[in-house]
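Letters go in sequence order (proteins before strands), and every chain restarts at 1. Since the structure is predicted, the reported quantities are computational estimates derived from the model, not experimental observations.
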Protein chains: 2
Amino acid sequence: MVNLADVAHRAHVSKMTVSRVINHPEKVSEEVKAAVLSAIDAVGYQPNRMAQALVNHQNYVIEFLVLEDVVTVEPNYAILLLQIADLLNQRGYTLEISTHIKANKRIDGVIVSGWRADDLPALEALSVPVVLYGESPLDYDMPFVDVDNRQGTALATQHLIRAGYDKIIYVGLTVDLPFAQERERGYLDTMAANHKVSRVYTVDNHSRAAEQLIFNLQTHLPANTGVVCATDRIALGVVRALNRQNGIPEKYGVVGFDGVFIDQITSPQLTTIRQPFAQIAHALVDNLFVQLHNGELGMQRLAPDVIIRDTTRH
Amino acid sequence: MVNLADVAHRAHVSKMTVSRVINHPEKVSEEVKAAVLSAIDAVGYQPNRMAQALVNHQNYVIEFLVLEDVVTVEPNYAILLLQIADLLNQRGYTLEISTHIKANKRIDGVIVSGWRADDLPALEALSVPVVLYGESPLDYDMPFVDVDNRQGTALATQHLIRAGYDKIIYVGLTVDLPFAQERERGYLDTMAANHKVSRVYTVDNHSRAAEQLIFNLQTHLPANTGVVCATDRIALGVVRALNRQNGIPEKYGVVGFDGVFIDQITSPQLTTIRQPFAQIAHALVDNLFVQLHNGELGMQRLAPDVIIRDTTRH
DNA sequence: TTTCGGCGTGTTAACGGTAACATGTTTTTT
DNA sequence: AAAAAACATGTTACCGTTAACACGCCGAAA
C-alpha cells in the first residue's frame, strides 16, 4: 500500500506538505497543490485510517447496538444496517454491531435500536455521542430519529375516511412504548378532528394474535369498516381474518404500518404507511456526526409515505 | 484510555514486558507474568487496535459484501449480519458492509453474499481471502459456506413421503444458480430412490407467482399431494392457493425452505427446512480466519433442520 | 576459574500520519 | 531601505504497539 512518503517523493515535497494538501489545502500554494494532487492520483494513494486514528485519538468506529432479541429482529434492520454502513464508510468510518451495552469500548459513537426504557440510563452514561432509533420518552432528552409515528396513523386514518369507510377502528400494541403511544395518538386525534367515534383494541405484535382478535370481534364489525393497524404484522392478521369472507377492500379496509417486507408478501397487497428508511439512516448518521463536532441536534421525526395498494379502496 | 505504559508503570516493568505477557506469555517468568496480569486487570487495560494494526500491517476489518439489490434483500441477512459481526468483534475485528466490489480497500478479508456468476472473476482477483455465502459453481473453486441444499430438499421430500402424501411435486426457481440446482437435485434423487414419479415446476421467487401457478394447476393436483418448495416465499404462495379449500394439511402437504421470518407469519404455520444461520455465520468467519492464517478450507455444506409445523401431517 | 549459552528483561526503531514549531522567502508597513 | 508581518514549506516529535536487538545474570561446560 502506498503511503504519504511515496506521494511526497513523487511530488518532490515533504510528507507534511502532502498531509496539508489533504487536510488544510488552503495553506498550500496552488502549483504545489496541483503537483501533489496529481501524484496522489498517479499512485492511487489512500490514507491509512489506522495511522490517522492513532495520531488523532479517534477510532473511526461507530457501534450499532441492537438491544432487541436477535431472533425477533425485524427484517427492516437489514435495510437500515446496509444504509447506515454505507454512509459511515463514505465518511471513513466502520460499523461495529453489538448486542449489549458496554462502556470503555473503543468507539466514537453509538446508534441504538430496539431499546427499552430501562436501557436508557446506561446509554445516557456512555462517554460518547448516542442516537436512538425510535422515539425516546419525554423524561429523557436523548437525541432520537424516528418516523413521525403520529403523522403516520393520522395519514392512515385520513385515507380510510376519504375512501369512504364509515366506522374506523384501531388495532394497537399492548406494549407501552413511546412510538406505540404516538401511533395511537395519531388515530385518536384524526378521529376527533373528523367528529367520529374512535375505538381502540390492543394485541401483541403477532399476526396470529390480531387474526384471533378480529375473529372474535367480527359480529361487531359492520360492512364498510376501516382498520388502522399499528404494524404490518397486525395488519397481516387482520387481512387474514377479514379476507375469509372476501370482504377486502369492498367491505373492509386495512392499513398497516412499517412498509418493509411483510407488505410485499401479503395477498391482497397491503396498503401501508412506509417508514422512509433511507432518510432515517441519513438522519441517524448525520445526527451522530453533528454531535461528534460538538453540535446538538435533538429529536427528528421524519415524514412517512402512504403506499396505497389493494387492502383499501382507492 | 489506559495504555501499555500505564500497565508497565504499575507493574514496575517495561512496556515490552507487558506486550510479551499478552503476545508471547511463554517468554516471561511466572512471577512477572502474574504481576503484569493483575496490573492489566486493575487498570482495565484494553489494547489499542489502531496501534496494533499500524505495526502489524493489518486492518482488523472484514468486509461483508452484499451484491444483491438492497431492496430485495431477504430478512435473513439481518440475522446473519448480527451473528457475523459479533463473532468478528470477539476476535478484535470490525465489520465493514459494502454493496460493490472494489479492490485496494483497506480490509483483511471478504465475506460475500448475493453474488451472481459474473461477479466471481472480480472476487477471485482480490488480493485478500474471500468466502462466499452460497454454493459456488463447479468451475470456480472458491471457498464457500452454505446450507446443504440437496440434503434440505431430500429431507423435505422424505418427510412428505413418510407423512403419507402420495403424489409429490416440486416447485423450484427459474433462476439457474447452483443452490437452486442442488435443491432440485435433492428432490429428484429422493423421489428416484423411492421409486416415485417426480414432477418439477418453476416460478420466480415470489409468493404471488407461486399462488398463480398452483391455481392454474389445481385440476392436476389430486387429494393427498405434497409440495416441496424451493423457498419459503414460494411455499407461502402455495399455501395461500391450497388453503382456500382448507385442504392443509389433510388434503395437501407443503414444505418450505429457509426458515427465517416468513415461516413465522404464515397461517397455518409453515413446515420448513431451516438454514442453521448461527452455524453458517460461524463457518464463514472460521473459514476466513483459516485462510488468514495461510490455511485452506474448501467448501462447507451444513446440515439443515426440519421444522415440522402445521402445513404437513406429522 | 574462566567461558559460553540460555534465559529474562530492557532499549531502540519503526509502522503512517499530524500538530507544533522552525526556517526561509515574499510582501507589507513606515 | 530596514523592520515587521504574512506566507509557504520543512523538521521534529509523538500517538500505542511490537520486532529485533542488546544487555546482564546465572548455571553448565571446559
Over 12 non-hydrogen atoms of neighbours within 6.0 angstrom of CE in A:Met299: no
Taking atom P of C:dC7 as reference, at what distance in whole Å does atom NZ of B:Lys27 sit? 11 Å
Got a sec? Which of residues 8-22 of chain A come in under 4.0 Å of DNA chain D, heavy atoms? A:Val13, A:Ser14, A:Met16, A:Thr17, A:Arg20
Could you tell me how far apart B:Leu4 (CG) and C:dT11 (P) are, to the nearest whole angstrom? 15 Å
Over how many whole Å does the gap from A:Asp6 atom CG to C:dG16 atom P extend? 8 Å
Whole angstrom value for the distance that separates C1' of C:dG6 from CD of B:Glu26: 15 Å
Neighbours of DNA chain D within residues 44-62 of chain A, by heavy-atom distance under 4.0 Å: A:Leu54, A:Val55, A:His57
Quickly work out the A:Ile40 CD1 to C:dG17 P distance and round it to whole Å. 10 Å
Could you tell me whether the phosphate oxygens of D:dC7, OP1 or OP2, come under 4.0 Å of any side-chain nitrogen or oxygen in A:Ser29? no
Those residues that, when tested against A:Arg49, pass salt bridge (Lys or Arg N to Asp or Glu O under 4.0 Å) (two or more places apart): B:Glu96
Look at A:His24 and C:dA19 and indicate whether a side-chain polar atom (N or O) is within less than 4.0 Å of OP1 or OP2. yes
Flag yes if more than 12 heavy atoms outside B:Lys102 fall under 6.0 Å of its NZ atom; otherwise flag no. yes
The side chain to side chain contact (heavy atoms under 4.5 Å, CB included) partner of B:Ser19 among B:Val7, B:Val36, B:Leu4 is B:Leu4
Please walk me through it: do A:Asn287 and A:Gln291 pass side chain to side chain donor-acceptor pair (under 3.5 Å)? CA-CA 6 Å; A:Asn287 194 307; A:Gln291 288 188 64; 3.1 Å; yes
Does a sphere of radius 6.0 Å around CZ in B:Arg274 hold more than 12 heavy atoms from other residues, nucleotides or ligands, not counting ones at 6.0 Å or beyond? no
For residues A:Asp258 and A:Thr231, is any side-chain donor paired with an opposing acceptor at under 3.5 Å? no
Determine whether more than 12 heavy atoms belonging to other residues, nucleotides or ligands lie under 6.0 Å from atom CG of B:Asn23. yes
So which nucleotide from C:dT18, D:dT9, D:dT17 ends up closest to the side chain of A:Val28? D:dT9
Check A:Asp286 with A:Arg91, please: is the shortest side-chain N to carboxylate O separation under 4.0 Å? yes
Using whole Å, what does the distance between atom P of nucleotide D:dG16 and atom CG of B:Asn23 come to? 17 Å
